[in-house]
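Below is one structure, written out as structure tokens, with a few remarks after it.
All values derive from a computational prediction rather than experimental measurement.
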Amino acid sequence: MKRVIIIVLSAIFAISIKAQQPVSVVQKFGHAMQQWCSTDEIEYHEQAINFAKGKIKCLVDDKITQDAVANDQSKLLTNGTQEIVSYMNIFQDAIMQGQKYEMSNIKERADFVEPTAFKNENPPSFVSADLTLSGKLVYNITDIFYVRDGKITKIIDYSSDNSVGKALELYSNRKYDEAFKMFRKLAYADFGNFDAQYYMVVMEIKKQGCGFLDKNVRDKELTWFIAKNYFANNQNAVKLATKFPLYEKKMDYAHYPSYYEWILRCKQPAQSGLMMSFDTKTMSAGFVNESGQLVIPYGKYSVAFPYHEGRSLVVSKVTEQCGFIDDKGNEAVPMIYQTAIADFYKGRTWCAKDGATYLVDNQGKVLKTVLGHSYLIPYSPVGKYAMLFKTEKIFDIYDYNGNLCYEDYTSWSFNSITGLVTMKKDGAPDVQYKIEW
């Protein structure tokens, strides 16, 4: 009997230790942060970093990092992708000005579960904690910490009513309709919000909370986001792509073989409540709404790009010229151009015809003409700069006010994780911009 009691007590003690462990990890991280901010001693900085150095890279997307992105003068930081080292760098300058850091109300959220398509052998434990910062950084916020194997693997916002943390809480309470809509809104709002995109896709696979979407619209959307993040080598997306074959080549945009992959990488599948649909009988594109109803009919356009800022680049089946339509299908930019950049940036884009490019607004008004540039890449990720090609291999870099910023660049690349476009030429510094998706 005594042995049984000891075994039972040992089991209870072990369970208790296991339950307390995630809280202890967060407590120790908070203590290290507090000491580091108070003393600026490197040993406390290293202690805090070590609590987030596990098998999974720790990313931070809380109010502190979101504000840092918003205030970033370079405009190159992206939400959702800040690593723990970048998070610590936000504090470094503030410490020199007497930064204070307090963590309180630390508690394990055993009620939290995350949407998953797998029987996860190692699900995270969730811990919430209140943070009070005073000094250069002033905050009273609540964060959610993901803890796996004694390491913090993610820190997300729980202060905003529209956050992944709040959506997780809704999901955990089986309020699937509300949770799905919040995940979906966040997934579309931020190119780098891989968590929201993953959770949205899982709910679509499990058919939770997404009953208002037409089946085909839902399946195309989830394939789109799996493919987008798979190309970025996001761990969760790779697992999903392995378990649920993508079939992205069967998607409507695969009818544009030269650039459909780029469209999947850097554009939203739906905007203005509309998603492109391709009809193989007429070999033409139209748009359906979330209920699957055809809103902009087939027959008129051989090519149509996803909407962006309420405009879609379309190519006429008759003239093979391109222009832009609004979300009612009305012609907004005349169908007189040979090519164009598919997305608008702050109400403007570039179009080309007859050896010249034209900066136009979303009503088709020409704001500037640039001669000697006859080639544009429709799928080029849109943002601060545009590439206007003089030849197939040499381009000048203009902004969306029509100013020439850099000349004779020769190559460009796109980072699917950060959303950064990098343009290069020998003997000159790289030029970068963050996409506006």
Side-chain angles (χ1 to χ4, degrees), residues 69 72 74-79 81 187-193 224 228 231-232 253 256 258-272 274 276 303-315 322-327 332-333 337-352 357-368 370 373 375-389 395-406 409 411-424 430-437:
V69 171
D72 171 41
S74 73
K75 301 300 180 185
L76 297 179
L77 294 178
T78 52
N79 278 326
T81 58
Y188 272 89
D190 186 349
F191 174 87
N193 199 332
W224 187 293
K228 167 191 174 293
F231 290 136
Y253 288 96
Y256 313 154
S258 62
Y259 42 73
Y260 85 89
E261 181 179 312
W262 281 98
I263 298 175
L264 287 171
R265 282 176 183 242
C266 58
K267 300 186 188 300
Q268 299 169 327
Q271 198 185 83
S272 302
L274 297 174
M276 196 278 277
V303 176
F305 282 77
Y307 275 90
H308 189 262
E309 291 193 8
R311 298 289 183 266
S312 168
L313 175 64
V314 292
V315 178
C322 68
F324 290 83
I325 57 173
D326 64 18
D327 56 11
V333 176
Y337 295 102
Q338 291 156 352
T339 187
I341 294 177
D343 294 341
F344 279 79
Y345 178 69
K346 296 182 178 180
R348 298 176 173 189
T349 194
W350 291 90
C351 302
T357 58
Y358 303 86
L359 180 66
V360 303
D361 68 13
N362 58 15
Q363 299 300 319
K365 180 181 178 181
V366 175
L367 306 174
K368 183 159 186 174
V370 178
H373 299 70
Y375 180 57
L376 298 171
I377 302 176
Y379 55 80
S380 60
V382 73
K384 181 179 179 181
Y385 296 117
M387 291 171 275
L388 277 55
F389 283 77
F395 59 91
D396 293 337
I397 300 171
Y398 280 74
D399 65 19
Y400 280 78
N401 291 316
N403 301 311
L404 173 63
C405 301
Y406 305 93
Y409 273 66
S411 67
W412 65 281
S413 61
F414 173 64
N415 188 311
S416 299
I417 299 174
T418 64
L420 290 179
V421 179
T422 302
M423 296 167 285
K424 297 177 176 289
D430 292 349
V431 177
Q432 288 188 312
Y433 68 88
K434 181 170 63 176
I435 72 162
E436 297 287 336
W437 97 316

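A donor-acceptor pair under 3.5 Å links the side-chain atoms of Tyr433 to the main chain of Pro381, judged by distance alone. Judged by distance alone, with hydrogens and angles left aside, the side-chain atoms of Thr349 form a donor-acceptor pair with the main-chain N or O of Ile341 at under 3.5 Å. Under a 3.5 Å cut-off, the side chain of Asn403 and the backbone N or O of Cys405 do not form any donor-acceptor pair. Formation of a donor-acceptor pair under 3.5 Å by the Tyr400 side chain with backbone atoms of Gly383 is not found in this model. Listed for the Glu309 side chain is no donor-acceptor partner under 3.5 Å among the backbone atoms of Asp343. Although no hydrogens or angles enter the test, the distance criterion places no donor-acceptor pair under 3.5 Å between the side chain of Ser312 and the main chain of Pro306. Within the 3.5 Å criterion, the main-chain N or O of Leu77 finds a donor-acceptor partner in the side chain of Asp72. Between the side chain of Arg311 and the backbone N or O of Asn362 there is at least one donor-acceptor pair closer than 3.5 Å.
Considering every non-hydrogen atom in both Pro269 and Tyr188, the closest pair reads CG-OH, 3.1 Å. Of all heavy-atom pairs spanning Leu404 and Asp396, the tightest one is CD1-CB, 3.7 Å. Between Pro378 and Leu313 the shortest heavy-atom distance is CB-CD2, 4.2 Å. Cys351 approaches Ala340 most closely through the heavy-atom pair SG-CB, 3.8 Å. Nearest heavy-atom pair across His373 and Val370 is ND1-CG1, 3.5 Å. The shortest heavy-atom contact between His308 and Glu436 is NE2-O, 3.1 Å.
To the nearest 0.5 angstrom, Ser413 atom OG is 6.0 Å from Lys424 atom NZ. Summarising the geometry, atom CG belonging to Asn415 is positioned 12.0 Å from atom SG belonging to Cys266; distances are rounded to the nearest 0.5 Å. Rounded to the nearest 0.5 angstrom, Thr422 OG1 and Phe414 CZ are separated by 10.0 Å. Note that OG1 of Thr418 is 9.0 Å distant from CG of Leu76, once rounded to the nearest 0.5 Å.
With Tyr398 as reference, Trp350 is the one residue of Phe389, Tyr385, Trp350 to meet the ring pair (Phe, Tyr, Trp, His ring centres under 6.0 Å) rule.
Side-chain contact between Trp437 and Lys228 is present, with heavy atoms from C-beta onward closer than 4.5 Å. The closest side-chain heavy-atom distance from Asn193 to Asn79 is not below 4.5 Å. Between Tyr345 and Asp399, the closest side-chain pair of non-hydrogen atoms is not below 4.5 Å. Put simply, the side chain of Phe305 reaches to within 4.5 Å of the side chain of Tyr259, judged on heavy atoms.
Remark: Lys434 fails to qualify as a cation-pi partner of Phe191 under the 6.0 Å distance and 45° angle criteria applied to the six-membered ring.
Ring centroid separation for the pair Tyr337 and Phe324 does not come in under the 6.0 Å cut-off.
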Output, in order, the C-alpha distance, side-chain angles, deciding distance and verdict of side-chain contact (heavy atoms from CB on, under 4.5 Å) for Leu367 and Lys365.
-> CA-CA 6 Å; Leu367 306 174; Lys365 180 181 178 181; 4.2 Å; yes
Start with the C-alpha distance between Tyr406 and Met423, add both sets of side-chain angles, then the distance that settles side-chain contact (heavy atoms from CB on, under 4.5 Å), and finish with yes or no.
-> CA-CA 10 Å; Tyr406 305 93; Met423 296 167 285; over 6 Å; no
Decide side-chain contact (heavy atoms from CB on, under 4.5 Å) for Trp412 and Ile397; before the verdict, give the C-alpha distance in whole Å, the side-chain angles of both, and the deciding distance to 0.1 Å.
-> CA-CA 11 Å; Trp412 65 281; Ile397 300 171; over 6 Å; no
Please test Tyr253 against Met276 for side-chain contact (heavy atoms from CB on, under 4.5 Å), starting from the C-alpha separation and ending with a verdict.
-> CA-CA 8 Å; Tyr253 288 96; Met276 196 278 277; 2.7 Å; yes
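With a 6.0 Å radius and a threshold of 12 heavy atoms from other residues, nucleotides or ligands, Lys75 has its NZ atom above the threshold.
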